[in-house]
*Asks:* 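For reference, the structure I am asking about is given below.
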There are 2 protein chains.
Amino acid sequence: MTPRPPASERLDRGELLSTALAIADTDGLDAVTLRRVAADWSVTPMALYWHFQHKDALLDALVERMLDELELPGDEPDLRTVMTALLRVLRAHPALAEITPIRLMRTDAGLDMGERVVGLLRAEGHSPVAAAQLSVLLLNALIALVIRQPGETAVADPVQRDALLAAKRARLKSLDPQAFPHLTETADFFLGLPDEQEYYERGLTMLLNGVRLS
Amino acid sequence: MTPRPPASERLDRGELLSTALAIADTDGLDAVTLRRVAADWSVTPMALYWHFQHKDALLDALVERMLDELELPGDEPDLRTVMTALLRVLRAHPALAEITPIRLMRTDAGLDMGERVVGLLRAEGHSPVAAAQLSVLLLNALIALVIRQPGETAVADPVQRDALLAAKRARLKSLDPQAFPHLTETADFFLGLPDEQEYYERGLTMLLNGVRLS
DNA sequence: ACAGTAAATTTACGCCGTATATTTAGGGAG
DNA sequence: CTCCCTAAATATACGGCGTAAATTTACTGT
């Protein structure tokens with residue numbers, strides 16, 4: 001009805017991103033649709049196209065926004081410190097973790113981090129190619145740590161979530177202990193973390209150990 | 001027009017899966033839609049619902065089908081052997097790699113493999129919980145190796161693919177060598193693999209090293 | 001011969017991203 | 001003060017997706 005509203009009620013790109021981020025955090029990535037974000041501002045979906053080229057660009061920007069929260073100590077952080085900082089923002093926005101790998105290097109913060117990580121690996125004596133590969137492997141594995149955290153399902157809806165977990169539990173509990181002694185013994189782990197702190201410590205340690213010796 | 005065709009022209013679940021797998025291999029995962037698979041058999045999309053509960057079940061079955069190609073030496077294979085076998089089928093069907101992690105443990109072959117891997121890690125002296133976690137990390141990281149293989153884009157369409165790669169190249173090549181010495185030095189790696197064999201060797205070695213020491 | 005079940009069809013719905021064309025508020029130049 | 005340009009939205013429409021529900025018909029067993 002009224003194209004071009006008074007300047008006071010213009011959309012703001014930054015605020016759109018905040019909205020999208022909030023949606024992702026509370027209802028999962030699938031809930032981040034153009035219509036949903038637009039609706040939150042009582043606006044047509046097409047209005048977003050003025051602020052973002054297409055949805056993919058919005059997602060890129062979303063990752064960038066998430067990385068704004070990165071807290072790197074100014075002076076020469078080591079590998080573990082960098083990874084821990086990244087881990088923190090990822091755990092704060094797990095829904096974004098799965099779209100991060102492809103997009104990380106499209107953001108400025110991501111490039112900075114990539115440069116840092118490759119540099120640190122070079123300093124450990126790795127060849128340029130090895131350092132590059134290990135950096136990618138490290139980042140991807142770290143992200144996988146968050147995405148596949150036992151108990152996470154990538155589905156935000158609690159009903160579906162519980163259904164999935166119940167199915168998983170049923171499957172694991174019905175295993176023949178004779179045929180699957182080890183899975184039986186560790187079934188609880190796959191259904192939910194006993195200790196998140198320990199989980200991330202161990203994962204990180206394993207990755208850094210692997211890097212240090214390759 | 002003709003509900004319930006003569007028995008000779010019935011759909012076959014296995015053949016539907018073959019079709020879906022072929023589509024995934026040639027045109028990517030996004031091309032695997034119910035309509036597309038149905039069209040290949042000149043059949044209504046709804047026909048598939050007789051053979052699969054829903055699309056997700058079809059994807060589960062697709063992963064299962066892929067794992068049929070797993071070739072494990074019968075007697076006591078070690079960790080590297082198991083991972084190498086998995087790597088082989090994943091590289092044969094890279095489009096399925098991204099949906100494998102969540103689904104692996106819903107398949108029989110996946111459970112067998114999980115049992116094997118956890119067992120091997122237990123034998124290396126890891127605690128039950130540690131072995132469970134490391135097995136997941138290992139599998140996920142291995143899969144990430146395939147999904148994020150430099151040059152891969154998860155987009156099958158060659159036009160889009162090239163556009164993406166060109167954008168990436170442009171971005172990397174325009175980096176200030178002063179500010180990003182390491183990324184500049186290793187830019188070529190991110191754009192395409194010099195040596196696939198070496199890439200997978202190194203990735204696998206790094207992961208196994210990490211596991212062995214944690 | 002006939003009932004019951006198996007395996008498809010038809011139709012419809014509500015989502016999604018986005019191409020295209022149109023509308024209008026506000027700011028700068030004459 | 002007016003005119004015009006452009007910024008920023010709306011309206012409309014399209015094709016694609018997964019799937020719910022009801023219907024139809026070929027075959028199987030009694």
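Given the structure is predicted, the values throughout are model-derived calculations rather than measurements. So that the names make sense, note that chain A is the first sequence line, chain B the second, and so on, each numbered from 1.
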*Asks:* Has the side chain of A:K55 got a donor or acceptor atom that lies under 3.5 Å from a matching backbone atom of A:V32?
*Replies:*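 Such a contact is found between A:K55 side chain and A:V32 backbone.
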
*Asks:* Can you check the B:R13 CZ to C:dA7 P distance for me, whole Å?
*Replies:* 13 Å

*Asks:* Rounded to the nearest Å, what distance is computed from the CG atom of residue A:L11 to the P atom of nucleotide D:dA9?
*Replies:*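 Atom-to-atom, A:L11 to D:dA9, this comes out as 4 Å.
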
*Asks:* Any sub-3.5 Å donor-acceptor pair from B:E98's side-chain atoms to B:I147's backbone N or O?
*Replies:* no

*Asks:* Look at the side chain of B:K168 and the backbone N and O of B:F190, then say whether any donor-acceptor pair between them is shorter than 3.5 Å.
*Replies:* yes

*Asks:* Among residues at least two apart in sequence or on other chains, which ones pass salt bridge (charged side-chain N to carboxylate O under 4.0 Å, His left out) with A:R10?
*Replies:* none

*Asks:* Does A:Y200 reach the main-chain N or O of A:T84 with its side chain, forming a donor-acceptor pair under 3.5 Å?
*Replies:*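 Between the backbone of A:T84 and the side chain of A:Y200 there is no qualifying donor-acceptor contact (under 3.5 Å).
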
*Asks:* Using modelled atom types only, decide if a donor and an acceptor are shared between the side chain of A:R65 and the backbone of A:G14 within a distance under 3.5 Å.
*Replies:* yes

*Asks:* Find out whether A:L137 and B:R202 are in side-chain contact, i.e. whether some heavy atom of one side chain is under 4.5 Å from a heavy atom of the other.
*Replies:* no

*Asks:* If the test is side-chain contact (heavy atoms from CB on, under 4.5 Å), which one of B:I143, B:L104, B:V63 qualifies with B:I99?
*Replies:* B:V63

*Asks:* Of all of residues 19-35 of chain A, which get a heavy atom below 4.0 angstrom from DNA chain C, listed by number?
*Replies:*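 A:T33, A:L34, A:R35 - these, ordered by number, are the residues of the stretch whose heavy atoms sit under 4.0 Å from the strand.
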
*Asks:* For DNA chain C, which residues in residues 36-58 of chain B have a heavy atom at a distance below 4.0 Å?
*Replies:*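 B:V43, B:T44, B:M46, B:A47, B:W50, B:H51 - these, ordered by number, are the residues of the stretch whose heavy atoms sit under 4.0 Å from the strand.
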
